[in-house]
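Here is the structure we will look at.
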Amino acid sequence: MKFVIQRDQLMTAVQNVMKAISSRPVVAILSGIKLEARKDGITLTGSDSDISIESYIPAEEEGIIHVDHIEEGSIVLQSKYFPDIVRKLPEQIVEIEVDESLKVTIRSGKAEFNLNGQDAAEYPQLPKLQTDDSFELPIDLLKSLIKQTVFAVSTMETRPILTGVNMRLADQTLTFSATDSHRLASRTVPVTETTNEFSNVVVPGKSLNELNKIMDDSEEKIQISVTNNQILFRTKHLQFLSRLLDGSYPETSRLIPDASKTILYVSTKDLLHTIDRASLLAKEERNNVVRLTTKNNNMVEIASNHPEIGNVTEEVSISSIEGEDLKISFSSKYMIDALKVIDYEEVKIAFTGAMRPFIIQPVEDDSILQLILPVRTY
């Protein structure tokens with residue numbers, strides 16, 4: 001195997017596949033990066049048996065040559081050394097050559113590295129997803145779906161199903177939802193070009209976080225394919241395969257109250273900053289509890305009290321309020337997380353009493369929904 005390639009392109013591909021490589025792999029060879037050279041380009045693969053990532057560098061694209069002098073073949077290189085070598089090579093042009101005995105030579109400028117490779121035939125075959133059930137989404141839309149939900153997955157392994165994001169596609173509407181049983185984050189988007197439907201697809205939160213980091217904004221669309229136990233996200237240069245979580249995702253729509261007793265309309269930024277300040281004294285407690293109390297002059301008071309440290313109160317003005325007066329306590333962390341992902345200037349918060357879950361939504365977009373359970377304080 002032999003090829004000549006631009007260092008920056010190789011480095012980007014290496015960084016992408018490294019996101020799938022575990023420091024303690026199930027099979028020893030999975031600690032390496034697989035390189036495969038074909039006439040049409042180079043494919044790098046990294047996998048930890050939960051996530052597999054393939055990054056493809058075409059030999060030529062739009063008249064620009066990325067990879068040259070290709071002699072076909074494949075090799076597995078140690079991920080512990082190869083990325084650092086590529087990063088520190090002196091020149092833009094890199095030549096990689098593999099001989100019969102799997103010895104790898106990496107040349108750039110006056111630098112030459114010799115590494116021992118491993119036989120690519122021993123690298124596990126990635127499952128090929130045979131599915132007609134694929135649909136496309138704009139990449140920036142998928143990124144915002146992930147950003148607005150994945151933070152709410154559970155970090156506790158006691159209920160593994162809650163460590164993932166539930167994807168549902170029905171009536172040409174795609175819904176992402178995540179809950180750790182104290183809060184819920186959900187977002188719906190129309191998907192008009194497909195008639196596919198699925199409901200119990202739960203993607204590990206960790207997989208979505210990694211996917212979010214490597215999706216390339218310069219590409220427009222990403223294709224999504226789902227089978228019983230795997231999901232594939234694919235663009236022209238990237239294939240990201242993740243296993244799905246086993247089990248049934250709880251029916252979260254039951255949590256959402258259908259009526260409300262108090263509704264506040266408030267600036268997202270003002271409320272976020274006020275709660276952030278109030279939480280400064282609530283650091284010691286597990287929930288960082290703050291209290292919200294409605295005042296009659298279009299104000300709400302945000303307060304936090306810690307017997308040993310002190311207390312803080314601040315009023316924030318609201319656009320309007322409908323319904324009953326209210327005093328409610330909740331986790332400042334959950335509220336901050338929810339407000340941070342709402343990219344709208346004004347939110348509406350609907351309460352159904354001091355001990356019932358409440359809903360936060362942008363005033364002009366009800367496809368985004370954040371729900372938080374209050375905290376009992378005595």
Side-chain angles (χ1 to χ4, degrees), residues 147-159 162-163 178-185 205 209 255 257 260-321 323-362 368-378:
K147 182 182 111 174
Q148 286 159 351
T149 53
V150 76
F151 68 88
V153 300
S154 174
T155 51
M156 312 283 278
E157 288 296 332
T158 41
R159 288 185 69 190
L162 296 186
T163 61
T179 179
D180 60 6
S181 74
H182 301 289
R183 57 174 165 179
L184 165 71
N209 276 323
L255 291 169
S260 53
K261 294 181 177 170
T262 311
I263 300 178
L264 302 180
Y265 295 86
V266 59
S267 152
T268 315
K269 215 186 259 160
D270 291 354
L271 185 60
L272 174 61
H273 293 328
T274 306
I275 291 174
D276 196 19
R277 283 188 286 274
S279 73
L280 291 172
L281 298 189
K283 280 196 167 81
E284 300 298 310
E285 290 185 51
R286 200 165 50 92
N287 293 324
N288 304 8
V289 177
V290 299
R291 190 177 65 247
L292 177 148
T293 312
T294 53
K295 301 284 183 188
N296 35 12
N297 50 354
N298 266 11
M299 289 277 180
V300 290
E301 181 187 84
I302 304 291
S304 171
N305 172 30
H306 197 291
E308 283 117 57
I309 296 163
N311 60 51
V312 49
T313 56
E314 183 177 343
E315 288 193 341
V316 57
S317 52
I318 52 178
S319 317
S320 67
I321 179 167
E324 306 172 1
D325 280 339
L326 176 79
K327 184 188 277 192
I328 190 168
S329 299
F330 48 82
S331 154
S332 61
K333 180 190 179 313
Y334 287 174
M335 193 66 161
I336 289 167
D337 286 348
L339 291 170
K340 265 188 184 159
V341 298
I342 294 179
D343 299 324
Y344 286 90
E345 286 187 2
E346 200 173 31
V347 286
K348 134 180 152 183
I349 310 178
F351 299 94
T352 343
M355 289 324 305
R356 299 290 309 281
F358 58 92
I359 289 174
I360 308 145
Q361 287 182 300
I368 301 169
L369 179 141
Q370 301 287 340
L371 173 143
I372 296 175
L373 269 67
V375 176
R376 279 183 194 276
T377 51
Y378 294 117

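These values consider heavy atoms only, across backbone and side chains, with no hydrogens, waters or symmetry-generated copies. We number each residue from 1, following the sequence as shown.
In this structure, Ala178 and Val153 approach most closely via the heavy-atom pair CB-CG1, 3.8 Å. Minimum interatomic distance between Ser260 and Thr352 (heavy atoms only, all atoms of both residues): CA-CG2, 4.1 Å. Heavy atoms only, all atoms of each residue included: Phe151 and Ala185 are closest at CZ-CB, 3.9 Å. Shortest non-hydrogen contact noted between Pro257 and Ile359 is CD-CD1, 3.7 Å. Taking each heavy atom of Thr313 and Ala303 in turn, the nearest pair found is CG2-CB, 3.6 Å. Looking at every heavy atom in both residues, Ala338 comes nearest to Ile372 through CB-CD1, 4.3 Å.
For the atom pair Asn297 CG and Ile321 CD1, the distance stands at 10.5 Å (nearest 0.5 Å). Asp270 contributes atom CG, which lies 9.0 Å from atom CD of Glu314 (distance to the nearest 0.5 angstrom). Put simply, CZ on Arg356 and CG on Leu255 are 10.0 Å apart, with the number rounded to the nearest 0.5 Å. The line from CG of Asp276 to CD1 of Ile336 is 4.5 Å long, rounded to the nearest 0.5 Å. To the nearest 0.5 angstrom, Thr149 atom OG1 is 10.5 Å from Ile368 atom CD1. To the nearest 0.5 Å, atoms CD (Glu308) and CG (Leu281) are separated by 12.5 Å.
For the pair Ile360 and Ile342, the minimum side-chain heavy-atom distance is below 4.5 Å. Annotation: side chain of Glu346 is not in contact with side chain of Ser267 (no heavy-atom distance under 4.5 Å). Between Leu369 and Leu184, the closest side-chain pair of non-hydrogen atoms falls below 4.5 Å. Between Thr274 and Val300 the shortest side-chain heavy-atom distance does not fall below 4.5 Å. Using a 4.5 Å heavy-atom threshold, the side chains of Pro374 and Ile328 count as touching. Using a 4.5 Å cut-off on side-chain heavy atoms (C-beta onward), Met335 and Ile302 make no contact. When side chains are defined from C-beta on, Leu271 counts as touching Leu339, because their heavy atoms get closer than 4.5 Å.
Listed for the Ser279 side chain is no donor-acceptor partner under 3.5 Å among the backbone atoms of Asn288. Looking only at distances, no side-chain donor or acceptor of Ser304 sits under 3.5 Å from a matching main-chain atom of Val290. In terms of modelled atom types and a separation under 3.5 Å, the side chain of Thr179 and the main chain of Ser181 share a donor-acceptor contact. At least one donor-acceptor pair closer than 3.5 Å links the side chain of Thr268 to the backbone N or O of Glu345. Remark: the backbone N or O of Tyr334 is paired with a side-chain donor or acceptor of Ser331 at under 3.5 angstrom.
By the ring-ring contact (aromatic ring centres under 6.0 Å, His included) test, Phe351 pairs with Phe358, sequence neighbours left out. For Glu324, there are no salt bridge (charged side-chain N to carboxylate O under 4.0 Å, His left out) partners at least two apart in sequence or on another chain. For Glu301, there are no side chain to side chain donor-acceptor pair (under 3.5 Å) partners at least two apart in sequence or on another chain. Residues forming a salt bridge (charged side-chain N to carboxylate O under 4.0 Å, His left out) with Arg183 (at least two apart in sequence, or on another chain): Asp180, Asp337. With sequence neighbours excluded, the residues forming a side chain to side chain donor-acceptor pair (under 3.5 Å) with Thr294 are Asp325, listed by chain and number. Not counting sequence neighbours, Lys348 has no partner by the side chain to side chain donor-acceptor pair (under 3.5 Å) test.
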Checklist entry - Taking it one step at a time, do Val347 and Gln370 satisfy side-chain contact (heavy atoms from CB on, under 4.5 Å)? => result CA-CA 11 Å; Val347 286; Gln370 301 287 340; over 6 Å; no

Checklist entry - Would Asp343 and Lys147 satisfy side-chain contact (heavy atoms from CB on, under 4.5 Å), going step by step from the backbone distance to the final call? => result CA-CA 11 Å; Asp343 299 324; Lys147 182 182 111 174; 3.2 Å; yes

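In the displayed structure, Met355 atom CE is contacted under 6.0 Å by more than 12 heavy atoms of other residues, nucleotides or ligands.
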